[in-house]
Amino acid sequence: MANQHESIDLRSPPVDPSAAAALNWFPGPPPPNYSCTLTPELVAKAREELQEKPEWRLRDVQALRDMILKEQLNLRTRLDDAFLLRFLRARKFDYDRAMQLLLNYHAGRKAWPEVFQDLKPSTVKHVLDKGFLTVLPRPDPNGRYILCLRPGKWKPNDYPFVDNVRALYLTLEKLIQPEETQVNGIVILTDYSGVGMSQASNPGPFLAKKVVSILQDGFPIRIKAVNIINEPRIFKGIFAIIKPFLKEKMAERYILHGSDLRSLHQNIPRSVLPEEYGGTAGQLDMCAWSRLLLDCEEEFIVEFCQPDPLEGVVFPESSLFEGEQARGQDEDSFRGLRSQLYYCY
């Protein structure tokens with residue numbers, strides 16, 4: 001039987017130069033034959049914060065590659081330098097933790113087919129058109145791009161909530177391509193304007209737990225802060241659903257601003273925020289990021305519309321998601337939380 005690692009090439013296809021010129025506000029991925037694109041300042045930052053030593057970088061990548069080839073012969077995954085570096089950086093070059101993150105990354109796809117089956121930008125265009133999410137065009141002073149979520153733009157009658165998760169995942173996949181993001185991380189800005197009881201109670205704890213599990217343990221991105229603005233009274237109930245699944249470090253990165261834009265500006269400067277949030281960077285443009293994703297359709301087809309990457313792979317029982325038993329336990333606890341939401345509302 002042929003080695004499956006030799007039969008699959010999931011590197012991103014070349015980008016058309018004219019398309020790249022139109023999208024040049026967002027940095028691209030490293031070249032197919034990897035060479036470092038980090039500035040000297042970011043090389044120093046990666047050394048200090050991520051324990052990344054430039055002189056050992058490719059040796060570390062090869063060590064992780066050898067682990068995969070030795071321990072996970074059936075795992076259909078990219079093995080190129082640029083891809084594996086994402087996981088090493090996300091786990092500060094700890095081989096074992098990077099390997100576990102890679103397995104979790106693929107396990108999430110298998111555990112949640114509603115999200116990952118036929119995952120490409122054209123299938124979430126309705127989410128992008130609603131304005132549920134975007135990425136602000138200017139990074140903050142720390143070089144972190146800002147993912148802006150607006151859950152109040154979604155109504156349960158519009159489409160299933162899982163479509164929002166699909167759009168979010170595609171956005172994260174695009175965000176993590178540049179090496180700058182792998183080193184600097186990202187910031188999330190969530191505007192809860194317009195969120196009512198129907199949106200707050202719809203996802204439920206099982207779905208919330210799966211989203212949190214992917215963000216914390218199943219995706220190679222560093223979330224450095226989560227800024228919440230315009231949260232309604234029922235947000236206490238919403239956060240009560242999410243918080244039990246958050247690690248302590250992540251929970252500490254949630255910052256609640258209410259309607260106090262001055263508080264927000266202490267964490268995200270006005271120079272990178274749109275006028276809607278008291279900034280000076282012009283009006284909020286929901287179209288630029290949507291166009292960028294939709295123009296990457298072929299890239300995502302290559303990445304996601306492939307045979308099951310986990311065929312023949314056996315995971316331990318304590319994998320990323322615990323399955324239907326966990327669903328029952330979470331739904332039982334949700335009944336009490338739902339009453340809290342109604343009380344707050």
Side-chain angles (χ1 to χ4, degrees), residues 25-27 39 41-42 44-46 48-50 89-90 92 131-153 164 168 171-172 174-176 178-195 199-200 208 211-212 214-216 219-243 245-286 288-289:
W25 66 272
F26 186 73
T39 64
E41 293 78 13
L42 284 178
K45 183 176 183 178
E48 179 181 353
E49 296 186 9
L50 307 180
R89 285 169 171 153
K92 299 185 176 181
F132 179 83
L133 62 73
T134 191
V135 174
L136 302 187
R138 299 182 186 178
D140 72 5
N142 294 310
R144 306 174 301 195
Y145 276 94
I146 300 164
L147 170 58
C148 182
L149 303 175
R150 302 196 298 168
K153 295 296 180 181
N164 294 327
L168 173 60
T171 290
L172 292 176
K174 194 64 188 173
L175 277 171
I176 200 57
E179 293 193 281
E180 298 97 309
T181 302
Q182 296 168 28
V183 174
N184 292 324
I186 65 169
V187 169
I188 296 177
L189 170 61
T190 304
D191 179 5
Y192 272 87
S193 297
V195 171
Q199 294 104 323
V211 173
V212 170
I214 284 179
L215 292 178
Q216 287 189 143
F219 197 86
I221 201 163
R222 305 171 70 210
I223 300 175
K224 304 301 291 182
V226 180
N227 293 271
I228 308 292
I229 62 171
N230 298 319
E231 65 271 20
R233 288 185 300 168
I234 58 173
F235 183 78
K236 290 184 178 179
I238 299 172
F239 198 62
I241 296 173
I242 300 172
K243 191 172 182 179
F245 312 131
L246 294 174
K247 294 179 178 178
E248 182 178 357
K249 181 183 289 188
M250 180 59 70
E252 292 173 350
R253 292 177 178 174
Y254 274 69
I255 309 167
L256 309 183
H257 301 288
S259 58
D260 186 355
L261 292 180
R262 288 177 299 180
S263 174
L264 174 65
H265 299 158
Q266 291 174 6
N267 292 271
I268 304 178
R270 297 177 63 217
S271 59
V272 303
L273 286 170
E275 296 172 2
E276 288 83 347
Y277 302 127
T280 59
Q283 293 185 340
L284 182 62
D285 180 4
M286 303 301 298
W289 185 255

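What's counted below: heavy atoms across the whole structure, side chains too, no hydrogens, waters or symmetry copies. Just so it is clear, the model here is predicted, and its values are computed rather than measured.
- If you take CD1 on Ile186 and CG on Leu147, they are separated by 5.5 Å, rounding to the nearest 0.5 Å.
- With values rounded to the nearest 0.5 angstrom, Cys148 atom SG is found 9.0 Å from Leu273 atom CG.
- Among all heavy-atom pairs drawn from Phe132 and Pro151, the shortest one is CE1-CA, 3.6 Å.
- In this structure, the separation between CD1 on Ile229 and CG on Leu256 is 11.5 Å, given to the nearest 0.5 Å.
- Nearest heavy atoms, Val195 versus Pro232: O-CG, 3.9 Å.
- A side chain to side chain contact (heavy atoms under 4.5 Å, CB included) with Thr134 holds for exactly one of Ile146, Leu284, Asp285; it is Leu284.
- What you find for Pro269 and Pro141 is that their closest heavy atoms are CG-CD, 3.4 Å.
- Here OH of Tyr277 is found 15.5 Å from CZ of Arg270. Values are rounded to the nearest 0.5 Å.
- Looking at Leu42 and Asn184, their side chains come closer than 4.5 Å, going by heavy atoms from C-beta outward.
- Note that OH of Tyr254 and NZ of Lys243 are 11.0 Å apart. Values are rounded to the nearest 0.5 Å.
- The heavy-atom pair separating Pro220 from Ala90 by the smallest distance is CA-CB, 3.7 Å.
- Residues Val272 and Leu136 have side chains not in contact (no heavy-atom distance under 4.5 Å, counting atoms from C-beta outward).
- Using a 4.0 Å cut-off between charged nitrogen and carboxylate oxygen, Arg150 and Glu276 do not count as a salt-bridge pair.
- The one candidate from Ile223, Val226, Asn227 that meets the side chain to side chain contact (heavy atoms under 4.5 Å, CB included) condition with Val187 is Asn227.
- The structure places CD1 of Ile188 at 12.5 Å from NZ of Lys224, a figure rounded to the nearest 0.5 Å.
- Annotation: side chain of Trp289 is in contact with side chain of Leu175 (closest heavy-atom distance under 4.5 Å).
- Between the side chain of Asp140 and the backbone N or O of Asn142, at least one donor-acceptor pair lies under 3.5 Å.
- The closest donor-acceptor contact from the side chain of Glu180 to the backbone of Tyr145 lies at 3.5 Å or more, if one exists at all.
- Between the side chain of Arg89 and the backbone N or O of Leu50, no donor-acceptor pair lies under 3.5 Å.
- Counting heavy atoms from C-beta on, the side chains of Leu189 and Leu264 come closer than 4.5 Å.
- Considering only heavy atoms from C-beta on, Leu172 stays 4.5 Å or farther from Ile176 through its side chain.
- For the pair His257 and Gln266, the minimum side-chain heavy-atom distance is 4.5 Å or more.
- At least one side-chain heavy atom of Glu49 sits under 4.5 Å from a side-chain heavy atom of Arg222.
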